[in-house]
Amino acid sequence: QVQLVEDGGGSAEVGGSLKLSCVASGSIFITNVMGWYRQAPGKQRELVASATNGGTTEYGDSVKGRFTISREVDKNTAYLIMNDLKLEDTAVYYCKFVNSRIMADGRRNWDYWGQGTQVTVSS
């Protein structure tokens, strides 16, 4: 099992910035991925950004160039710096941790989710 503790979020004005953090603890595999997804009312949960412990990152199209994900791998911590916030960034942001291991029948992933933190952008 992996436990996730999220911090940050809150409210900001359009064009402002916010920072999220997520700390993972428990059974951490050598190969893992940390990231954030978000869900706005009436919409599906979508990828915001993710980063492997090897440094590979991925961003959702709507946040490219504005959001940056980083990790302190030795501390099992991930950060999301959100700049140039827009009204449409308003959502609940969920930290996701993925343990990954190659098994006899192929790679298997175990997903864990944080409790979510509200980000509200206003004009």
Side-chain angles (χ1 to χ4, degrees):
Q1 287 292 321
V2 173
Q3 294 77 43
L4 301 174
V5 177
E6 300 165 343
D7 195 16
S11 300
E13 295 185 345
V14 171
S17 299
L18 287 171
K19 181 179 180 179
L20 304 180
S21 65
C22 180
V23 180
S25 61
S27 180
I28 307 295
F29 291 3
I30 293 175
T31 301
N32 57 74
V33 183
M34 292 188 75
W36 273 269
Y37 284 69
R38 68 186 182 187
Q39 188 166 19
K43 294 188 177 181
Q44 290 187 331
R45 191 171 295 190
E46 63 175 0
L47 170 70
V48 177
S50 66
T52 69
N53 58 315
T56 300
T57 59
E58 182 179 3
Y59 292 92
D61 289 340
S62 62
V63 306
K64 287 179 181 177
R66 299 187 298 120
F67 291 10
T68 302
I69 188 170
S70 62
R71 290 190 60 176
E72 289 186 273
V73 175
D74 58 338
K75 297 181 179 179
N76 297 315
T77 300
Y79 304 96
L80 182 70
I81 298 175
M82 304 182 288
N83 294 324
D84 190 22
L85 285 164
K86 301 179 179 182
L87 293 174
E88 51 265 39
D89 293 321
T90 296
V92 177
Y93 284 67
Y94 296 91
C95 178
K96 181 181 179 181
F97 185 96
V98 181
N99 267 330
S100 185
R101 177 174 288 173
I102 296 177
M103 311 294 283
D105 57 348
R107 180 169 291 280
R108 181 179 174 186
N109 296 325
W110 290 262
D111 296 350
Y112 303 91
W113 292 91
Q115 77 279 6
T117 184
Q118 178 70 45
V119 170
T120 302
V121 184
S122 60
S123 58

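Values below: all heavy atoms of this structure, side chains included; hydrogens, waters and symmetry mates excluded.
When Val63, Val119, Val48 are each tested for a side chain to side chain contact (heavy atoms under 4.5 Å, CB included) with Trp36, only one passes: Val48.
Counting heavy atoms from C-beta outward, Glu46 and Gln44 have side chains that stay 4.5 Å or more apart.
Scored by the salt bridge (charged side-chain N to carboxylate O under 4.0 Å, His left out) test, Glu72 finds Lys75 as partners (sequence neighbours excluded). Listed by chain and number, the residues in a side chain to side chain donor-acceptor pair (under 3.5 Å) with Asp84 amount to none (sequence neighbours excluded).
Note on residues 60-70: pairs passing side chain to side chain donor-acceptor pair (under 3.5 Å), not counting sequence neighbours, are Arg38-Ser62, Asp61-Lys64, Arg66-Asp89. Counting only residues at least two apart or on different chains, no ring-ring contact (aromatic ring centres under 6.0 Å, His included) pair has a member in residues 56-81. Within the structure, side chain to side chain donor-acceptor pair (under 3.5 Å) pairs that include any residue of residues 102-118 comprise Ser100-Arg107, Ser100-Asn109, Gln118-Thr120 (at least two apart or interchain).
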Would you tabulate the side-chain donor-acceptor contacts of residues 5-14 under 3.5 Å, counting partners in other chains and residues two or more places apart, or write 'none'?
unit_1	atom_1	unit_2	atom_2	d
Glu6	OE1	Gly116	N	2.8
Glu6	OE2	Cys95	N	2.6

Would you be so kind as to tabulate the donor-acceptor pairs closer than 3.5 Å made by side chains of residues 21-35, with sequence neighbours excluded?
unit_1	atom_1	unit_2	atom_2	d
Asn32	OD1	Arg71	NH1	3.0
Asn32	OD1	Arg71	NH2	2.7
Asn32	ND2	Phe29	O	2.9

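In the hydrophobic clustering, where aliphatic and aromatic side chains (Ile, Leu, Val, Met, Phe, Trp, Tyr) are joined below 4.5 Å either directly or transitively, Ile102 stands alone.
Of all heavy-atom pairs between Gln39 and Lys43, the closest is NE2-O, 3.1 Å. Pairing each heavy atom of Thr57 with each of Ala51, the nearest pair is CG2-CB, 3.9 Å. Shortest non-hydrogen contact noted between Val121 and Leu87 is O-CD2, 3.4 Å.
No continuous path of ILVMFWY side-chain contacts below 4.5 Å connects Phe97 to Tyr94, so the two sit in separate hydrophobic clusters. In this structure, Ile69 is a member of the same hydrophobic cluster as Leu20, with clusters built from ILVMFWY side-chain heavy atoms closer than 4.5 Å.
Summarising the local packing, CD of Gln1 is surrounded by 12 or fewer heavy atoms from other residues, nucleotides or ligands at distances under 6.0 Å.
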